[in-house]
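Notes follow once the structure below has been shown.
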There are 2 protein chains.
Amino acid sequence: MAAPREAGPSPRVRLNRERVIAAAVRLADAGGLEGLTMRRLGEDLNVEAMSIYNHVANKDDLIDAMADAIFGEIALPSHSDEWKPAIRKRSISFREVLARHSWATTVRDSGTNPGPATLRHHDRVIGTFRNGGFSVEKTAHAFSAVDSYIYGFAMQEKSLPFTTPEETAAMAAVMLAQLPTSEYPYLAELLADHVLKPGYFYGDEFLVGLDLMLDGLETLRDTD
Amino acid sequence: MAAPREAGPSPRVRLNRERVIAAAVRLADAGGLEGLTMRRLGEDLNVEAMSIYNHVANKDDLIDAMADAIFGEIALPSHSDEWKPAIRKRSISFREVLARHSWATTVRDSGTNPGPATLRHHDRVIGTFRNGGFSVEKTAHAFSAVDSYIYGFAMQEKSLPFTTPEETAAMAAVMLAQLPTSEYPYLAELLADHVLKPGYFYGDEFLVGLDLMLDGLETLRDTD
DNA sequence: CATTATAAACATACGCCGTAAGTTTTCTCC
DNA sequence: GGAGAAAACTTACGGCGTATGTTTATAATG
């Protein structure tokens with residue numbers, strides 16, 4: 001009878017959009033986009049599924065918001081820095097974020113409904129190229145090339161059936177054993193002489209391709 | 001009473017795996033992977049949904065088969081050709097195929113269950129690099145870099161909310177009008193001075209990045 | 001403090017999904 | 001033409017997104 005606050009049996013915790021989005025990201029991180037259902041999300045939030053719709057228009061709206069949220073995690077390049085290290089740093093950060101939230105590579109229309117964090121990020125990247133001496137047209141080339149590479153790399157990394165070096169070795173050994181090596185000799189060679197070598201880790205390939213691309217962009221900027 | 005063949009009211013057409021896969025690809029082309037349901041597929045094939053399971057283990061098996069089918073559409077490089085034009089040609093073909101079947105970029109585990117067409121394709125690509133003078137390790141770099149770029153480009157292209165130049169111009173104009181340009185000045189500039197220029201077509205960016213990557217690979221091959 | 005309006009929770013229900021299990025039809029081969 | 005197998009159909013279940021309607025808790029007003 002003292003405090004009316006704690007009278008009820010279950011003091012219904014109040015939801016809000018941020019809590020919904022954060023929980024959804026957590027769920028998707030753990031089980032992919034297909035593991036994210038409104039009912040399971042409600043469970044996570046101690047709420048019925050339909051209550052979520054007070055804070056989110058529908059599931060697509062939720063996913064758009066999730067995509068924007070993770071764009072906010074990418075380290076922004078600074079306009080004043082040298083373009084190459086600046087872009088390199090944000091590209092590495094971008095890849096880390098995509099690896100952490102691997103469901104994000106499959107979000108259908110990241111281009112259709114960009115949120116504020118996404119727009120801000122894009123603006124900074126474009127600005128970094130522009131201030132680095134790229135023409136508007138070459139900035140478009142550079143933006144497209146680098147981001148295509150990052151997205152694609154993240155996708156390939158995600159679709160690999162292994163993550164750690166140990167898993168990789170084990171899996172590659174199995175694959176190689178099952179492979180008709182006479183039919184696919186080059187593939188077999190690559191598996192045997194490269195993937196199965198100790199210390200192999202696919203993630204290491206990222207910087208190789210990224211630096212190839214960045215060096216190419218430098219040449220592009222200075223020619224024509 | 002003449003021909004017993006045409007006696008029945010509906011002469012139940014026989015299904016087979018190829019017909020199922022081809023119809024599934026058609027359905028996914030039209031409505032994306034989420035538009036592909038067993039019931040709709042059955043409808044397309046004049047069959048009940050469950051009948052499909054006589055030719056396919058489950059939906060994942062079907063999708064794996066679809067992925068392998070479209071790998072078969074990619075122009076194979078020839079081992080005897082010069083590596084650069086050979087890889088360039090197959091990369092362009094690859095992108096065309098991914099654009100034609102844009103659902104394919106989101107197939108989760110293309111790496112987990114590769115079919116024969118996929119293996120064959122990979123073997124040829126790897127062989128082309130090897131015969132072009134790339135070491136095993138550099139072949140792995142090259143393969144990863146080029147395919148990451150292609151996948152990523154296809155994904156970005158797919159996620160654009162427009163396809164034709166007219167649509168692009170219209171959409172970009174709307175976006176620019178809605179954009180708080182003072183907050184995103186570089187993005188606004190890119191839209192106004194590049195995307196809205198007549199003749200702009202995002203697909204044209206593909207070759208720019210591809211050739212950057214291929215030139216970079218040539219350098220990579222000849223150094224270290 | 002009592003009253004009321006509003007926001008946000010809950011509850012129910014519908015049509016669609018993948019597919020397990022069981023049944024019936026059709027084809028193939030002797 | 002009859003047996004066995006292959007492939008079709010039928011029914012049903014649990015889970016999905018979410019429309020719709022109801023109840024409860026919070027905030028605003030007198």
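Residue numbers start from 1 in every chain, and the chains themselves are labelled A, B, ... in the order their sequence lines are given, proteins ahead of strands.
- One atom, CG of B/N58, and another, P of C/dC17, lie 17 Å apart when rounded to the nearest Å.
- Residue-level contact check: A/L36 touches the backbone only, with heavy atoms under 4.0 Å from sugar-phosphate atoms and none from bases.
- Closest to the A/Y53 side chain, of the nucleotides D/dG17, C/dA9, C/dC10, is D/dG17.
- Within the 4.5 Å cutoff, the side chain of A/L76 has no heavy atoms near those of the A/K89 side chain.
- For the pair A/E43 CD and D/dC16 P, the computed distance is 9 Å after rounding to whole Å.
- If you measure from atom CE of B/M50 to atom C1' of D/dC9, you get 10 Å, rounded to the nearest angstrom.
- The distance from atom CG of B/L62 to atom C1' of C/dG18 is 12 Å, rounded to the nearest whole Å.
- Distance from the side chain of B/S51 is smallest for D/dA8 among the nucleotides C/dT19, D/dT20, D/dA8.
- Here C/dG18 is the nucleotide among C/dC17, C/dG18, D/dA8 with the atom lying nearest to any side-chain atom of B/M38.
- Listed nucleotides: C/dA9, C/dA11, D/dT18. Nearest to the side chain of A/E48: C/dA11.
- A/N54 has a side-chain polar atom (N or O) that falls below the 4.0 Å cut-off from OP1 or OP2 of C/dA9.
- Not less than 6.0 angstrom separates the ring centroid of A/F94 from the ring centroid of A/F153.
- Looking at the side chain of B/K59, the nearest of the listed nucleotides D/dA8, C/dG18, D/dA7 is C/dG18.
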For this session: Give the intermediate values and the outcome of side chain to side chain contact (heavy atoms under 4.5 Å, CB included) for residues A/I150 and B/Y149.
Result: CA-CA 8 Å; A/I150 297 168; B/Y149 175 69; over 6 Å; no
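- A donor atom on one side chain and an acceptor atom on the other are not found under 3.5 Å apart for B/H55 and B/R19.
- At least one cation-pi condition fails for A/R130 and B/Y186: the charged atom is not both under 6.0 angstrom from the six-membered ring centre and inside a 45 degree cone around its axis.
- As a whole-Å value, the separation of A/N46 CG from C/dA8 P is 18 Å.
- D/dT10 atom P lies 14 Å from atom CD1 of B/I52, rounded to whole Å.
- In terms of phosphate contacts, B/H55 brings no side-chain nitrogen or oxygen within less than 4.0 Å of OP1 or OP2 of D/dA6.
- Comparing D/dC16, D/dC9, D/dT18 by their nearest atom to the side chain of A/R40 picks out D/dC16.
- Side-chain atoms of B/R39 come within donor-acceptor range of the base of C/dG18, with a qualifying N/O pair under 3.5 Å.
- If you check every strand for non-hydrogen atoms under 4.0 Å, A/L41 touches nothing.
- Here D/dG17 presents its C1' atom at 10 Å from CG of A/D60, a figure rounded to the nearest Å.
- The distance between atom CG of B/N16 and atom P of D/dA6, rounded to the nearest whole Å, is 16 Å.
- Counting non-hydrogen atoms under 4.0 angstrom, A/T37 reaches the backbone sugars and phosphates but no base.
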